[in-house]
Amino acid sequence: MPADLVFRNGPVICVDTAYEGAEAVAVTAGRISGVGTRADVEGAIGPETRVVDRGGRALLPGLNDNHNHPMSFGEALGWIDATPAAISTLGGLQDAFRARAAQNGGGWLLARGYDDSRLDIRRHPTRYELDAATGGQPAILVRTCGHLLVANSAALERAGIDANTPDPSGGHIDRDAHGAAVGLLRETAMRLVRDLIPEPTVAQIKSYLRAAGRRFLEYGITSVGEAAISRSEQFRAYQELARDGELPMRVFTMMLIDDTLDSLSSLGMITGFGDARLRIGPAKVFQDGSGGGRTAAMTVDYRNDPGNRGITIYDQEGLNERFTRANAAGFQMAAHAIGDRAITMILDAYETALAAHPRPDARPRIEHCGICTPEHLRRMASMGVLAIPQPSFIYYLGDSYINNFTEEQLSLSYPGRAWIDRGIVAAGSSDVPVVSADPFVNMRSAVTRLTQDGQRMGPDQGVTIDEAIRMFTINGAFASFEERIKGSITPGKLADLTVLDRDPRSVPADELHTLRCDMTVLDGHVVFER
Ligand SMILES: [Zn+2]
């Protein structure tokens with residue numbers, strides 16, 4: 001059978017040592033059917049074959065962004081873009097709210113992405129500063145990390161938050177000297193307001209996923225991990241898109257354990273159910289907050305912030321109980337943990353769960369895995385725990401990390417080098433919309449450890465470009481138990497491919513973020529072309 005697609009004339013980064021040095025690839029019926037020299041695939045060219053002459057551009061496996069939030073990414077594309085790249089001043093934020101308020105029919109005004117350390121005022125805006133621009137309409141402004149938000153007075157009023165409202169467990173309401181809320185809500189306190197915003201319908205979620213998917217494909221990303229399924233409408237939206245052949249990328253879904261474990265396990269569902277387009281992934285909990293927002297759970301006080309050691313969501317017993325049940329039910333285990341105290345608690349819980357129900361190849365995951373001590377590394381290696389970091393946090397959030405953490409803590413944060421040297425599998429991801437989905441900024445950060453301001457955060461933890469490519473291809477496939485069907489350019493594997501404008505191995509490390517995706521192939525179909 002002649003090939004549908006043939007790629008020739010350029011380097012092929014196979015991520016499979018058996019095919020190193022290949023220069024041509026053939027694709028037939030959604031699978032990679034040939035890898036080798038130009039002569040090796042020449043015979044596969046028939047009259048209908050599309051031959052892509054790459055003129056020296058590199059061909060890679062489709063990229064894998066192993067932890068992100070496609071639904072909120074797609075939704076946030078319709079919110080006010082308050083990221084530092086778009087708006088860097090309080091006045092600019094107010095202008096954006098004013099403009100949106102003028103065309104808004106009284107519903108919620110939503111903005112996302114500000115970073116207090118990058119705003120001109122170098123602090124969080126207050127409710128009153130939002131009030132000045134929102135004219136009585138309820139508004140929220142979510143910080144870049146997603147763990148803090150500022151609500152205006154109309155939003156606080158609707159939520160019934162006043163001086164008498166206690167802090168909810170696992171959260172904090174920032175107050176002035178008289179006890180009145182100033183607008184900033186941390187962690188679970190955000191729910192007091194967020195729960196008032198109508199949840200999107202299945203149809204809306206589907207449109208968010210289509211929008212997010214288009215962006216992923218433009219970046220050469222063909223597989224993602226959906227990091228937070230908590231409502232039936234969300235899983236239904238994914239299923240309907242997959243059923244109708246409209247899910248733009250491959251997805252595995254992390255199920256938030258607190259909301260879904262009982263119903264999933266009572267139906268006997270397990271990690272891996274589904275197919276190569278949509279698959280049930282791990283059972284996941286959130287255990288702490290963010291490093292930039294100083295809510296990640298630490299064993300010592302934050303620098304210049306006496307008494308603050310961050311926030312934990314569950315106590316040890318609660319974690320042990322949940323993961324023991326999830327593991328026994330057949331789920332891969334996953335937890336959001338950034339601070340060293342949170343990571344210890346998660347490793348303890350995984351150890352307890354696996355001791356109760358040993359599984360040979362459990363691949364438990366720690367999402368983010370920010371501050372990793374040598375003891376953590378030892379335990380992760382011996383238990384086969386995977387790290388799911390976001391190297392581009394170093395670029396986008398690194399300067400606030402440098403403010404919040406000591407030199408020693410920074411040398412242990414997102415330790416790419418140490419993970420690889422210890423044989424710990426690290427799968428790369430963006431956590432979009434927390435920061436941009438751009439995989440090339442991500443790879444540059446993994447290699448150079450450069451922050452936005454040009455500082456180097458724990459420079460000894462840099463990895464090579466080949467290692468960074470593995471993090472965003474085969475390691476991601478391994479993290480969802482799919483390394484046998486994708487993640488490398490190997491005959492027989494799914495034909496998910498991306499053509500980059502240059503060969504990343506010959507681009508200077510500091511310029512890796514200037515790489516562009518020129519073409520994306522998913523399941524043997526060209527789904528994006530610049
Ligand atoms: Zn996340």
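Below, each value reflects all heavy atoms present in this structure, side chains not excepted, and no hydrogens, waters or symmetry copies. Order of appearance sets the numbers: ligands from 1, and atoms from 1 within every ligand.
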| Phe405 and Tyr401 aromatic ring geometry - parallel, tilted or perpendicular at 30°/60° bounds | tilted

| said: Under 2.8 Å from the Zn ion (ligand 1), can any N, O or S atom of His336 be found? | reply: no

| Quick one: do Lys486 and Asp523 make a salt bridge, cutoff under 4.0 Å? | no

| task | Verify whether the ring centers belonging to His368 and His67 lie closer than 6.0 Å. | result | yes

| Hey, is there an N, O or S on His69 sitting under 2.8 Å from the Zn ion (ligand 1)? | yes

| task | Output the atom name for the N/O/S atom of Asp431 with the smallest distance to the Zn ion (ligand 1). | result | OD1

| Any side-chain donor near an acceptor of the partner, Glu482 and Ser480, under 3.5 Å | yes

